[in-house]
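Contents: one structure, followed by commentary.
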Amino acid sequence: MSNMKKINWKDVSYVSILIIICIASFLTAKYIVRKDINTGDIPIDTSTRLD
């Protein structure tokens with residue numbers, strides 16, 4: 001039972017840093033994509049077909 005209560009803080013810190021890096025890279029990519037789209041441009045919708 002004592003093995004379940006033991007927390008390896010080193011692993012917790014590695015996972016926390018990885019999550020922070022993932023969130024930061026996602027937000028950075030989102031900002032770059034939004035910056036490239038002008039206010040008048042309509043984003044491409046790939047679900048519709050061109051006739």
Side-chain angles (χ1 to χ4, degrees):
M1 197 63 150
S2 64
N3 288 339
M4 292 179 66
K5 291 184 180 182
K6 186 177 180 183
I7 297 174
N8 191 355
W9 291 106
K10 194 174 185 180
D11 291 340
V12 172
S13 65
Y14 288 153
V15 171
S16 301
I17 292 171
L18 181 64
I19 289 171
I20 291 170
I21 290 172
C22 289
I23 291 172
S25 61
F26 171 76
L27 292 176
T28 303
K30 187 176 177 183
Y31 172 75
I32 290 171
V33 169
R34 281 195 178 182
K35 186 176 141 185
D36 289 342
I37 296 176
N38 294 330
T39 55
D41 292 344
I42 298 172
I44 298 171
D45 185 11
T46 56
S47 65
T48 58
R49 295 181 142 226
L50 298 174
D51 292 328

Quiz item: Taking Ile17 as the fixed residue, which of Ile20, Ile19, Val15, Ile21 is the one that meets the side-chain contact (heavy atoms from CB on, under 4.5 Å) rule?
Solution: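 Checked Ile20, Ile19, Val15, Ile21 against Ile17; only one passes side-chain contact (heavy atoms from CB on, under 4.5 Å): Ile21.
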Quiz item: Of all residues at least two apart in sequence or in a different chain, which pass the side-chain contact (heavy atoms from CB on, under 4.5 Å) check with Val12?
Solution: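 Partners of Val12 under the side-chain contact (heavy atoms from CB on, under 4.5 Å) test: Ile7, Trp9, Ser16.
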Exercise. Quick one: pull up OG1 in Thr28 and CD1 in Ile23 and give me the separation to the nearest 0.5 Å.
Key: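 Thr28 atom OG1 to Ile23 atom CD1 measures 11.5 Å (nearest 0.5 Å).
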